[in-house]
Every structure is written in structure tokens, then in C-alpha cells.
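A short write-up of the structure that comes next.
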Amino acid sequence: AFLDAEQLGISCGSPRAIDGMRGLRRFVEAFRERVTELLNESLPNSKPMNSASVKVALVADPKAWSASSEGGSTAGDHGGDPSSVDIVGRILNRANTHKAYAVSGGIATSVAASIEGTLPNRATSSAADFDAFRIGHPEGVLRVRLAFGEERGVTTVRDARVTRSARILMCGTGFSG
């Protein structure tokens, strides 16, 4: 589930700064609980979902890449040039804000950003390339490559690959259903 930093009147600052916003943290947990309720209502024949499994991401326009509530760059040692990312994000875990950006959240954010009209899509740079989608986070840039296909007239994501360091951490195929 996604939250718009600008709508909430906050920046995608450092994890420490976000964790210090007690009102925001209470709001995020109430939001997570409501999303869980809605998912369980919409999937009545599925095993009920626990709110701990609902991931929440705070997203912002790439312009937020160079700003921080603590006065420094949200890009750490990675420059903070807004043109070097397609979206800025923070994963809001239950206990604290993720120090970088969770890989599973990166894939979900990239897919959501590729769908016209979604909150991540509206926050994404118009120059975004889903063959090399870049998510700015406190430790740098998470790069996600999406490959799309067509199945019975429906566009599907056929492949998602993530690069977040000099070495490949995972390569594989995901199946659902």
C-alpha cells in the first residue's frame, strides 16, 4: 500500500526523522490495519491476511531526492540529483523505517508505478524507463527492470530484476495463483 509524502505534508527524509514523527507512525499503522480489512473483505475465499504482512511505502516525486527534513541529502553519498531517480521512497515497517528499500517493496513499487493512475505512477518522473526504473532511498538507488508481456489482451509483468549492489543478489522467476 502506498502513501503520498506530499499529500501528508512531509518529506521522504531519513529513516530516523520519519521514525521520530509519532503522529505519522500512528497514522501509518491505522492505514495498514484498514488496508488489511479491505483486502480481507475483497478476498473472502482466501486465508485471512494479517496486517503484519501488509507493506506500506511512502513515495514522493524525484524532486524530493535532494531534500531532507534533517537538512542533508536523502541520497546519502549518492549525489541527490533528482534526474538520477524516477521516484523517491521509504518502506515503513511496523517497528521502524527501512534503512534502504526492501527488494520486495521495490518490485511492487515499480509495477504500481507502471500502471497509469496509481499513486506511484503520479509520483514517477515522466522520463521513467521501466527497463531501468530507479527508486531513490536513504542508502542510494534501487534499480528494477520490468519486462512486460501480453496475455489474452492483458498486459502482464513477465519478469522483474533488481540491482542494488555490484553483485546480483537474486535472479529467478515468481509464480502466483
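Note: hydrogens, waters and symmetry copies are ignored here, and every other heavy atom, side chains too, is used. Only a predicted model underlies this, so the values are computations on that prediction, with no experimental measurement involved.
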If we ignore angles and hydrogens, is there a donor and acceptor under 3.5 Å between the side chains of Ser125 and Arg134?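 Per modelled atom types, Ser125 and Arg134 side chains form no pair under 3.5 Å.
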Is it true that the side chains of Thr97 and Arg25 contain a donor and an acceptor less than 3.5 Å apart?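 There is such a pair (donor and acceptor under 3.5 Å, judged by atom type) between the side chains of Thr97 and Arg25.
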Starting at [atom1] of [X], measure out to [atom2] of [Y] and round the result to the nearest 0.5 Å.
{"X": "Asn121", "Y": "Thr109", "atom1": "CG", "atom2": "OG1", "value": "12.5 Å"}
{"X": "Glu6", "Y": "Lys63", "atom1": "CD", "atom2": "NZ", "value": "7.0 Å"}
{"X": "Tyr101", "Y": "Ile135", "atom1": "OH", "atom2": "CD1", "value": "5.0 Å"}
{"X": "Leu24", "Y": "Leu8", "atom1": "CG", "atom2": "CG", "value": "6.5 Å"}
{"X": "Ser11", "Y": "Arg90", "atom1": "OG", "atom2": "CZ", "value": "8.0 Å"}

Closest heavy-atom pair and its distance - [X], [Y]:
{"X": "Leu39", "Y": "Met49", "result": "CD1-SD, 3.6 Å"}
{"X": "Ile91", "Y": "Ala57", "result": "CD1-CB, 4.0 Å"}
{"X": "Gly89", "Y": "Cys12", "result": "CA-SG, 4.5 Å"}
{"X": "Leu58", "Y": "Asp4", "result": "CD1-C, 4.2 Å"}
{"X": "Pro15", "Y": "Lys99", "result": "CG-CA, 4.1 Å"}
{"X": "Ile18", "Y": "Gly13", "result": "CD1-O, 3.6 Å"}

Does [X] use its side chain to pair, donor to acceptor, with the backbone of [Y] at less than 3.5 Å?
{"X": "Arg161", "Y": "Val144", "value": "no"}
{"X": "Asn93", "Y": "Ala95", "value": "no"}
{"X": "Ser51", "Y": "Thr36", "value": "no"}

Can you tell me which residue among Leu119, Val56, Val59 is in a side-chain contact (heavy atoms from CB on, under 4.5 Å) with Leu3?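 Only match with Leu3 under side-chain contact (heavy atoms from CB on, under 4.5 Å): Val56.
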Are [Y] and [X] linked, directly or through intermediate hydrophobic residues, by side-chain heavy-atom contacts shorter than 4.5 Å (ILVMFWY only)?
{"X": "Val54", "Y": "Phe27", "result": "yes"}
{"X": "Leu146", "Y": "Ile115", "result": "yes"}
{"X": "Phe148", "Y": "Val162", "result": "yes"}

Please determine if Arg26 and Glu33 form a salt bridge, counting it only when a charged side-chain N lies under 4.0 Å from a carboxylate O.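 Answer for the salt bridge query: no.
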Is it the case that more than 12 heavy atoms not belonging to Glu41 sit under 6.0 Å from its CD atom?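 It does: Glu41 CD has more than 12 such atoms within range.
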Verdict with supporting geometry, Glu150 and Thr155, side-chain contact (heavy atoms from CB on, under 4.5 Å): CA-CA 5 Å; Glu150 189 88 12; Thr155 300; 3.5 Å; yes
If we only count heavy atoms from C-beta on, is the Arg94 to Arg32 side-chain gap below 4.5 Å?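 Yes. Closest side-chain heavy atoms under 4.5 Å.
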Would you mind reporting whether Thr124 and Ile87 have side-chain heavy atoms less than 4.5 Å apart?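 Side-chain contact under 4.5 Å: yes.
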